[in-house]
Amino acid sequence: MSDNHSHGPTGGSATAGHDDHDHHDIASHIKTYIGVFIALLVGTVITVSMYYVHFDSMALTIAIALFIASIKSFLVAAYFMHLISEKKAIYGILIISAIFFVALGGLTLWGMHDWPTGAEGKAMYVP
Amino acid sequence: MEIPYTDKPRPDTGLYNAKLGIWLFLASEIMLFGGLFSAYILLRVNAAEGVWPAVKLAWPHGLLNIPIGTFNTAVLITSSVTVVLAWASLKMNNFARFRMFMVITVFCALSFLGIKSYEYNEKFTHYELRLNDGKAYTGHLIVNGEHPGFWDFSKVYNLEQLKAKTNVTSIKFTADPEKAEGHGHGEAGAHEHKELDLKTDQIAHLDAFLPRNHTFFAIYFTITALHGLHVLGGALVLAYFAFPGAKLWKTHPEQFTNRIEVGGLFWHFVDLVWIFLFPVVYLL
Amino acid sequence: MIEFLLSKVGMRPGASAHAAEVDGLIFYVHLLMFVLFVGWLGFYLLALLKFRRAANPKADYVGVKGHLSTYLEVGVAVVEAVLLVGLAIPIWARAVDRMPTAADKPVEVQIMGMQFKWNAHLAGADGKWGKQDIKLASATNPYGLDGADAAAKDDVTCLLGEPFKLPVNRPVVCRISSMDVIHSFKLPDMRITQDAIPGMVVPAHFIPTKTGKFVIICAQLCGSGHANMRGDFEVVSQEEFDKWFAEKSKAGGGGGFE
Amino acid sequence: MSATHTSTLPQHGQGHSHSHDAHDHHEPNFWHKYVFSTDHKVIGVQYAMSALSFLFFGFLLMLCMRYQISHPGEAIPIVGSLMERVLGEAASGGKMSADLYNSFGAMHGNIMVFLAIVPLVFAAFGNYVVPLQIGAIDMAFPRVNMASYHCYWMGGVTWFTGFFLPGGAAKSGWTSYSPLATVAEFGHSFNGQTALLVGLVLLITSSLLGSANFIATVVQLRAHGMSWMRLPFFVWAQFVTAFLLLLAFPPLEAAGILQLMDNVFHTSFFLPTGLVVGGSQLPVSGGGSPLLWQHLFWFLGHPEVYVLVLPAFGIVAEVIANNTRKPLWGYKSMVYSVIAIGFLSFIVWAHHMYLTGMGTKISTFFQTTTMMISIPSVIILTALFISLWGGSIRFTVPMLFAVAFLPMFGIGGLTGLPLGFNASDIYLHDSYYVIGHFHYVVAPGTMFALFAGVYFWFPKATGRMMNEFLGKVHFWGSLVCMNMVFAPMFVQGFKGMSRRMSDGGAIYFGKDVAYGADPGVLKLNNMILASALLLFVFQLPFIFNFFWSIWNGRKVTSDNPWDATTLDWATPTPPPHGNFLKEPIVYRGPYEYSVPGASRDFTPQDQKDPKG
Ligand code: HEA
Ligand code: HEA
Ligand code: CUA
Ligand SMILES: [Cu+2]
């Protein structure tokens, strides 16, 4: 992160930070919001109808459903939450927590599937 | 003396305090729900065959009410767009429109919770039944001519509790239509409901769709309840901003706008969790 | 040598084939620790003495120059890597992960932890495990053995802490589970520890090399009787084991349940 | 540069009470001043006082346990009858039942970790010192800060109710492994374990509020010129610690909620199919996984131990730099090491689970990361050692504790290595060797750093010094006794003595001694008991010193009694609300001691000209 010294010249005019969204800007944002809203509804409809269409492969169903969910969540995060134009610090925090989330889930899952040879993970009353 | 950067961003980070604060909080929320989702995946992957004979699946699914769940998803999405529109209205100095959108948001939130409690009730009065001869059903229980209900919790029975009632020796059971094997299809394709008359000593197992019944219900109720608490908390905060908290708009408009943005970020996150939760518990 | 030094710090003598490997690792790690500790301690004490205010009233702004510490840190990393790759991983792969095959003619024992006793179960003279069903499981029949099953009739069971016997110099495979809470099946002298986890069966194997009486420690907190959950077993010669086995098998029915 | 620093000055001079920092101009009453204060210094002191009390209480629990270990089945003198009166049947006749032993053990671990050390080292010192050191007027969210303290108290109180619930306080170890945690008091849904879990959720909430606040404060409220590489090392340590708390705690919260469901609503998240308890099948659906709990627990558990020790590194670094009168050696590499530890600590957790049954691949992964994480620890410790070289060391009381921290943590850290290799852990797992390992890092380790911090910052908080002589008695007594308590545990561990034994291992080493067992191990128990009692005695000078000095200690003659360089000493003593009389500007790094050519042997960060 940048050295505090460097902000010297702008320090006095911190107000700039908010006024750069002028009304015109916001009006175009609103169009985006509505667009995203529609996309989200469409995504929901696709996910649900896919369920009724009934693919043979469960894995495929899961993959598609999660794919659509990821797109939807990207839209929400990027546009509603303005992540698309967010500051570096925020990206940093999110990337760190994403990494740890993946580590938690991934390593746990791996840990629960790598046993010494001959271990049986499910039944207690082995014959 | 006031804390700096509550309204203006700090030049070198480009952030005002609360924005950084809420994102940090959301990062921890990612790990909280991340932990729960990891638990879900693990339990599901490790689920043993035949634990839930009624649907002939290791992991019962397709038991939730999909049309209602879809509708609720739409409700939540709507509230998400209205909250960002509320913020945009403030940015455009239109307080009246801000308040309108905020009211819609809170209304959506409350509807979501109302619908969710309807669904909960539906599950708490839905039963899983296994007979001594190995047959298994899901359906509704009728004891002494009445459906036990959630709101009167003393009437939600499992087998032991039923047997403990001395005046009950037999029950009626409205079985759900048979489902296609392998892939439950929710409420789709209604066939006729079978009515069973049973003596209590024919029954091997009887329990409502409660958390204790199966790990699926356990995780479903736990995650959705936690999510519901987030919805409730968010609704309270947003309602506060819409009315009593709105005083700040007069004195510190920028700080107030920031608060709305921060509240909105939380609200979108709640929506985000649902975007994953819905397909995962309802559809898969 | 290693054994002698370890015994000086109180370490129990090992009694299984892989004990020497485990002890070797323990020894080399402690050697590394010892060298580091003594080296650092020397430097540290010298620094404290030499640079106390009375001896050195004016501090030096720069202090130590050069890269000695970097070499040292790299050195520590290298030694750790050597221990890891050279000892720890192979020992685990061999002593824990790779099971004896049927060709090794292992003795197989089911071990079941329960509050607060150890149970052991061997297939009887017919070499077949009796039928087991959880519905039959009880405090006195922890394996849920079906007494009506023919294969169960000659099973050897040592229930509720009854000591069992194992033959010396033959691979032993313990299939470890629990019926209530997590216990840990620890044979300190055999250098074996494996948690007994309900809902799953995890094997542990070793080759006892010394005869005598040994203990099983429950090394996982399991409730009020945790401290009392001692188990005992005896490693005996093959002949003695055969004799014991035949007697127990004939007594039959698994004993201890109806 | 000088024209710009106005932007941190108050922006709304009108003083509307809407700001976070609502403080009116009337004399605040007792409640506002001490209970509902939003001042970071008051909150820091509140945390310190509460946590020190909990620390003391945790120690008392352990004294009872050590007595029971040495004298199984005998009544505990003096406190026995009191225990019987308070706890009833579990302590009948003044004797400790095995259940009570387990309760005390679990509560000792939990209290020490979650109510004593973390709140002390992170919340108390962090709250008091971090805003001062970065030149801020308060934390970024003062009211959140207050809420954090209140959650902490509620969590603590909830835990204590556990002692009076049916079945007594939680008794399944601080690790609360399922199924034991659920099965132990299956009959009562609201038992000690439930109280523990509810309290845990509150404590986690408290930590989350606190850690988000810390991060925001450090990122947003640094004074002008306080760039990242000019932060005192203590601030860096707290900053990384805050991230550990922020991201590692939530999975435990998730796990806690799931276990709460298991306990109260009889779900089966952590209960596998087919549990037979006491001869009959447990009436639950099954289908859960006990190991899932362990993964979620240790995902917190390991980062948590670095939460215990990183701030301690920070305190020790401050004290050492100040008392050697020279800059920290290798400041930058220390900073990078702290960050590396922070990252790595999230991916080593399963080294606590080697013996649950692990294949070669996964255990190789975890032992590799475990070995990797020991390297940055070595780097930090080495840098601190080397910092001593060339110094002009003053052995003040804080310095004694800080200097003793180094070898003590060294012993604890080094003994972590044989535990970190899975193959040697086979023998050492769950033995007293482990107890020895981690007490060396937390007791003579972290706790010494804490004592150093108390003696060091006491004059800033109170305007008076603590007594030097009593301090030295406290130090030497603690140093010797701590070692006499914990060093024998390594020997016991080698002899195969298991932890959590309410009879101190008598059944394995007493009567009917089996192959390899050495009854001498039981004699060590007596020695440990004696040393622990002596350790208790040596805390009395500290407690006396602490309270006596608040009112009667020698008054400090300057705001900077230790001639230190960091901004915390640039405030009035004690610092008023708002901390600094004028906004500080930082011109240099944190440890400019003995700068060649400077007028004094220290050049504070906010002094413009070294010669001035
Ligand atoms: C502050 C707390 C803390 C710290 C810092 C550590 C640090 C380490 N720990 Fe420890 N650990 C615990 C607290 C801590 N631990 C606790 C509480 C438990 C038990 C939990 C329970 O089961 O209840 C535990 C248990 C534990 C286990 C599980 C044991 C078992 O149950 O079988 C393992 C295994 O790998 C382990 C490893 C390590 C390692 C490799 C480090 C490394 O990070 C250490 C790195 C440090 C060094 C390598 C030292 C460097 C310094 C020098 C070299 C200087 C020497 C100085 C002089 C000579 C003057 N620890
Ligand atoms: C941070 C953590 C921490 C700390 C500091 C300690 C400190 C101590 N611990 Fe603890 N301990 C644990 C964490 C900790 N412990 C954990 C996690 C376990 C595992 C539990 C389990 O099995 O689940 C454990 C288990 C444990 C055991 C094993 C029990 C068993 O397995 O059966 C033993 C045995 O001797 C022990 C002893 C001690 C002793 C003698 C101290 C001493 O060092 C205590 C010293 C304390 C003081 C000296 C008090 C100082 C305070 C003051 C002077 C107050 C001043 C007040 C004011 C000024 C207001 N501990
Ligand atoms: Cu069984 Cu401890
Ligand atoms: Cu660890």
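Residue numbers start from 1 in every chain, and the chains themselves are labelled A, B, ... in the order their sequence lines are given, proteins ahead of strands. In what follows, every heavy atom counts, from backbone to side chain, and hydrogens, waters and symmetry copies are set aside.
Both the backbone and the side chain of B/Ser80 come within contact range of chain A, with heavy atoms under 4.5 Å apart. Only the side chain of B/Val280 comes within contact range of chain A, with at least one heavy atom under 4.5 Å from a heavy atom of that chain. For B/Phe278, the part lying near chain A is the side chain, with the backbone staying farther off; criterion is any non-hydrogen pair under 4.5 Å. B/Leu272 touches chain A through its side chain: at least one heavy atom from C-beta onward sits under 4.5 Å away, while N, CA, C and O do not.
You'll find the side chain of B/Trp23 reaches within 4.5 Å of the side chain of A/Leu83, heavy atoms only. No side-chain heavy atom of B/Phe276 sits less than 4.5 Å from a side-chain heavy atom of A/Lys72. Looking at A/Leu40 and B/Val81, their side chains never come closer than 4.5 Å, going by heavy atoms from C-beta outward. Side-chain contact between B/Glu261 and A/His82 is present, with heavy atoms from C-beta onward closer than 4.5 Å. Under the 4.5 Å side-chain criterion, counting only non-hydrogen atoms from C-beta, A/Lys87 is not in contact with B/Thr13. Looking at B/Ser38 and A/Thr108, their side chains never come closer than 4.5 Å, going by heavy atoms from C-beta outward. You'll find the side chain of B/Leu283 stays beyond 4.5 Å of the side chain of A/Met50, heavy atoms only. Looking at A/Val36 and B/Val84, their side chains never come closer than 4.5 Å, going by heavy atoms from C-beta outward.
Counting heavy atoms of neighbouring residues, nucleotides and ligands inside a 6.0 Å radius, atom CZ of B/Phe107 does not exceed 12 of them. For A/Phe67, the CZ atom counts as loosely surrounded, since its 6.0 Å shell holds 12 or fewer non-hydrogen atoms of other residues, nucleotides or ligands.
A/Phe80 CZ to B/Ile77 CD1: the interatomic distance, rounded to the nearest 0.5 Å, is 8.5 Å. The line from CZ of A/Phe100 to CE of B/Met31 is 7.5 Å long, rounded to the nearest 0.5 Å. Atoms OG and CG, from A/Ser97 and B/Leu32 in turn, are 12.5 Å apart once rounded to the nearest 0.5 Å. Between B/Ile275 atom CD1 and A/Ile71 atom CD1 the span is 11.5 Å, to the nearest 0.5 Å. The line from OG1 of B/Thr82 to CZ of A/Phe37 is 8.5 Å long, rounded to the nearest 0.5 Å. Between atom CD1 of residue B/Ile22 and atom CE of residue A/Met81 there is a gap of 8.5 Å, rounded to the nearest 0.5 Å.
Among A/Ile90, A/Leu109, A/Val48, the residue making the largest number of heavy-atom pairs under 4.5 Å with chain B is A/Ile90. Between chain A and the residues B/Ile41, B/Ile30, B/Leu26, B/Leu265, the largest count of heavy-atom pairs under 4.5 Å involves B/Leu265. Between chain B and the residues A/Val102, A/Val76, A/Val45, the most heavy-atom pairs under 4.5 angstrom are made by A/Val76. Of the listed residues B/Ser89, B/Gly34, B/Ala39, B/Ser28, the one with more heavy-atom pairs under 4.5 angstrom with chain A than any other is B/Gly34.
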Show your working on side-chain contact (heavy atoms from CB on, under 4.5 Å) between A/Ile30 and B/Met92 and close with a plain yes or no.
-> CA-CA 11 Å; A/Ile30 290 179; B/Met92 296 167 79; 3.9 Å; yes

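For B/Gly35 against A/Leu104, the heavy-atom pair with the smallest separation is CA-CD2, 3.8 Å.
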